[in-house]
Structure formats: C-alpha cells, structure tokens
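All values derive from a computational prediction rather than experimental measurement.
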Amino acid sequence: MSTPPPADPLPPLAGGAGGPAALRPLLDTVLDALREGALARRGPLPAGGPDAVTRQLLDTAGPVLPDIGTGAEEALRTFVHALARGSADPADPLCVAHLHTPPLALAAAADLAASALNPSMDSWDQAPAASALEAQVTRTLAAEVYPHATAPDALVTTGGTESNQLALLLARERHGPVQLVHGANAHHSLSRAAWLLGLPEPVAVPAPAGVIDLTALDEALTRLHHPLLVAATAGTTDTGRIDPLPAIADLCARHHAELHIDAAYGGPLLFSDVHKTRLDGLDRAHSVTLDLHKLGWQPVAAGLLAVPDTAALTPLGHQADYLNADDDTEAGLPDLLGRSLRTTRRPDILKTAVTLRALGRRGLADLVDRTCAAAHQLADLVENTPGLELHDRPAISTVLLRPTGATDDDIAGIRRTLLTHGRAVLGRARADGRLWLKATVLNPHTTRKDLEALLALLSHPAPLSLPEGSTHR
Ligand SMILES: *Cc1c(COP(=O)(O)O)cnc(C)c1O
C-alpha cells in the first residue's frame, strides 16, 4: 500500500484575526508586481496594439486552469504583473481619453478591507456595521445635493448607468410610462434605460452648442403628452458642458414635467467653493446621478442616485423571507433589500467613507480645483501653440483640440497611432460637425510639463522606430 502524498495546506482566508497575517506577504507580492509591471510598461498604455498585447498576455498566462496550481505567490506575481504591464493606467498624466479616474491610494487600500471582510449589503445579518455606514454616508452625500431637503437619501449603484436606470424606474413607478425627453448631448445610458424599461421612444432635444437648446425643449414639452421626464446633464461626456439647470428646472415646473439631472461627471463640483455655483438648480431635480469613480477618484464602482426624500425610494421595496422576513423587520433588523435591485452587493461605500473622512470637504475641493485648473492650463497651452486649435474653454475638465487643417481621418489616425505606440490615450468627440481629440483631465497631479509633453506628441504621434512585436502602423 502506497502512502498518499502530503495534502497541500488549505489556502488561508482573508478575514478573521488571522487574515491579515496571511494577507501581508501576499500584498508584498502584489505591490512589487504592480510596481514592476508599471515600470515594464514604460508609458500610459502598452505598446503594440491589440494583437501584440493579447499575445503577450497569453504567453505569460499559460493555461488559466492548470491541473496542479502554481500557488498564490506565483499566480499573483504573474497576473498582477501582466495586468499592470498591459494596463491603460489613468495614473499616467497622458492617459486622458475617458472619465477613467486615477484612484486614490487610500481608497484602493480601503477597497482591500472591503474584499477581506466581504460584507454583503442585501441583509443586515451579512453587513451589520457596513449597512449602518452606508446609511450614514449616503444621507450625508444626498444632503450635499439637496441641502434644504428634510430627508434626502441616496442609493449606492455601480455607476451612472445604473443610477440613470433607477431614476427612470422611479419616475415610471410614480407616474406610469413616462416620456423621456433628453438632450442630444445626454449619456447613451438614458435612452437605453428607457428601452430596458419598456418606456415610449425617448425624444432627443437638439443641443447644437453642446447644451440643451431651451427653445427646442420648451417646444417639445408643449407638444408631448404627459407624463414627462426631462433628463439634463451636468458634465456631458463629449465636452464636459453643464446644461442650463435653473432654466431647465423652470421649464419643467411650467410644463409639469419631472426633472432628472445626470451629474455623473460634474457632481463633485459641489465640494468646491470655486465651482459649486455652476451646479445651481441641481436640487430642483427629482433625482440626481453621481459617480465618484470619475471626479471623485474612487476605484470602480462608486455610483449614487440621490433623491430629496427617502420616501421616493419606497417603490424599490421588496420582500424575500430569507433576507427580510416581516417579523425580523418588526423586531428591528434593518431591511436592506429595497436599497438596490441587486441582491449580493459589495460594500462600495467603505472606500468613499474613508476618502471623505481622510480628505474632508477642503481636501476634496482642492482635488477638484486642481483638476479643473490643469484642464484650463491645457486649454491655454493649446491656444498658445501655433498649429493647434481649441474647441472651447473647458467647462469642467474636458478639452477638445485638433491640429489646424487636419481632416477627421487625420484626427482618428493620430489617436490610433498614439494608442498603438503606447504613447498617449486620447479620446475623440464630434463637435460642430468635426472630429476632435478629447483630453478628459482627471488627474490632480498633472503638471504643465505633462501637458506640454502631450501636445508635443501630436506633431509626431509615431516614434522613429516601431516597437518590437508591433503589427500595427
Ligand atoms: C460616465 C457617465 C455615465 C455612465 O456612468 P457609468 O459609471 O459608466 O455607468 C452616465 N452619464 C454621464 C454624464 C457620464 O459621464
């Protein structure tokens, strides 16, 4: 009879008093791999384009489900290094295509604790303290949006998309099948939410100057049948513009239409004494979308939907005996199921709570102000660089620019060349009938030198020699 091989030790757990001791050496491995991967990348994104990046990843990864595992150290080192090396890293000041934020280190550290403790926000007995913290933070943030309301509240979401869906759902529950009226500048998730909820085909009001045209909105609201829901935007995806919120709220009041404001991008201007007046009128909305994984420097996900009165959320109430039995609720166990359409749900509020406490209102305002100032500096540089054209001064932190005389094809080509060579991540946006390069500045550490380096790349988007293994031009 042969003796069985010694059993591998069971992989340790992250929680409990013993979890941290198991985590600490693994974290050293993770942090080393993050650092080495970023150094190996040598830029804001990996060079070589999709084929080269995929090939490199597959070569490193080997079989993802081996018969015999490689062990924690090796697997963490391999994949964290591969991902860091192959990332488009928003912490690099030349990674400015999207509302893709560089997360704060303190928020990422808090997220580790969320993973280790793994509270699930669908019932109190899975998240006793986390649910109390969530209630506190959501009420506090909702009060920033609705300072004069008596019972403001907010739901935690996966981002602007889910917040916009919930806003439409709540409007439908209040009034039946609402007719959504949004600007042509609105986020695509709004019309998609109308489709998902089986609402009438949304009406898009022109936004020729990047914001909703008020005359056209007035006409639409006069012509359309009730119930009506207007969605305005505070920080558009393409140009970062803010719709004229007070005038839109006036029109909604006159036409008995409800108002939702998508402030996924612009919401955190509320923290800044310099910029908050630009959100005047926000608190006249029936619901407001916020997204702290944009101008709030949180790791994904950190969305919110704020409402002026917690009673507006009652339509989401739902009962499942194993999570919120009536007698448990009557005995005082908080009923959490109506706080989301999801069931199992991460305690995403922890990183936000840590960030709000660590930085305070002033610290957040400083980050907002610095970020907006960096975008203005970029606009100044564009204006002062011969051969470059600026679309407009930034409303928040988005700058559209193009080389003078370039065609739309040239613009698209410059963007892809910079991507392929791993030199810069710029976005694209159509405005005034032309294609522009888009820089969405979200990194408060951005310096003038970084911005000069970005602009210098535009006249020479390809390096003199192709990177090794490149298959794209
Ligand atoms: C980013 C954004 C969204 C979508 O948010 P996600 O977090 O990506 O789901 C919706 N509206 C606006 C204005 C946005 O900027």
Visitor: Applying the side-chain hydrogen bond (donor to acceptor under 3.5 Å, both in side chains) test to Y265, which of T398, T233, D291 qualifies?
Guide: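 Checked T398, T233, D291 against Y265; only one passes side-chain hydrogen bond (donor to acceptor under 3.5 Å, both in side chains): T398.
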
Visitor: Any side-chain heavy atom of E134 sitting closer than 4.5 Å to one from M121?
Guide: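 Of all side-chain heavy-atom pairs linking M121 with E134, at least one is under 4.5 Å.
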
Visitor: Could you tell me whether R85 and E36 have a side-chain N and a carboxylate O separated by less than 4.0 Å?
Guide: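 No, no charged N to carboxylate O under 4.0 Å.
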
Visitor: Please tabulate, for side-chain N and O atoms in residues 95-102, each donor-acceptor pair with protein atoms closer than 3.5 Å (sequence neighbours left out).
Guide:
| from | atom 1 | to | atom 2 | distance (Å) |
| --- | --- | --- | --- | --- |
| T101 | OG1 | K294 | O | 2.6 |

Visitor: Any chance the side chains of H225 and Q179 put a donor and an acceptor closer than 3.5 Å?
Guide: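 The answer is no; no qualifying pair exists.
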
Visitor: Please list, chain by chain and in numerical order, all residues satisfying ring-ring contact (aromatic ring centres under 6.0 Å, His included) with W436, sequence neighbours excluded.
Guide: H391

Visitor: Is it true that D408 and R430 make a salt bridge, defined as a side-chain N closer than 4.0 Å to a carboxylate O?
Guide: yes

Visitor: For a side chain to side chain contact (heavy atoms under 4.5 Å, CB included) check, start with the C-alpha distance between L196 and Q165, then their side-chain angles and the critical distance, and finish with the verdict.
Guide: CA-CA 8 Å; L196 177 73; Q165 279 171 8; 3.8 Å; yes

Visitor: With the threshold set at 4.0 Å, does a side-chain nitrogen-carboxylate oxygen contact exist between D369 and R362?
Guide: no

Visitor: Does the distance from a Lys or Arg side-chain N to an Asp or Glu carboxylate O, for D432 and R434, drop under 4.0 Å?
Guide: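 A salt bridge is absent here (no side-chain N lies under 4.0 Å from a carboxylate O).
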
Visitor: Strictly below 4.0 Å, N to O, side chains only: are R393 and D380 in salt-bridge contact?
Guide: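 D380 and R393: salt-bridged.
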
Visitor: Within a reach of under 6.0 Å around CZ of R278, are more than 12 heavy atoms found that belong to other residues, nucleotides or ligands?
Guide: yes

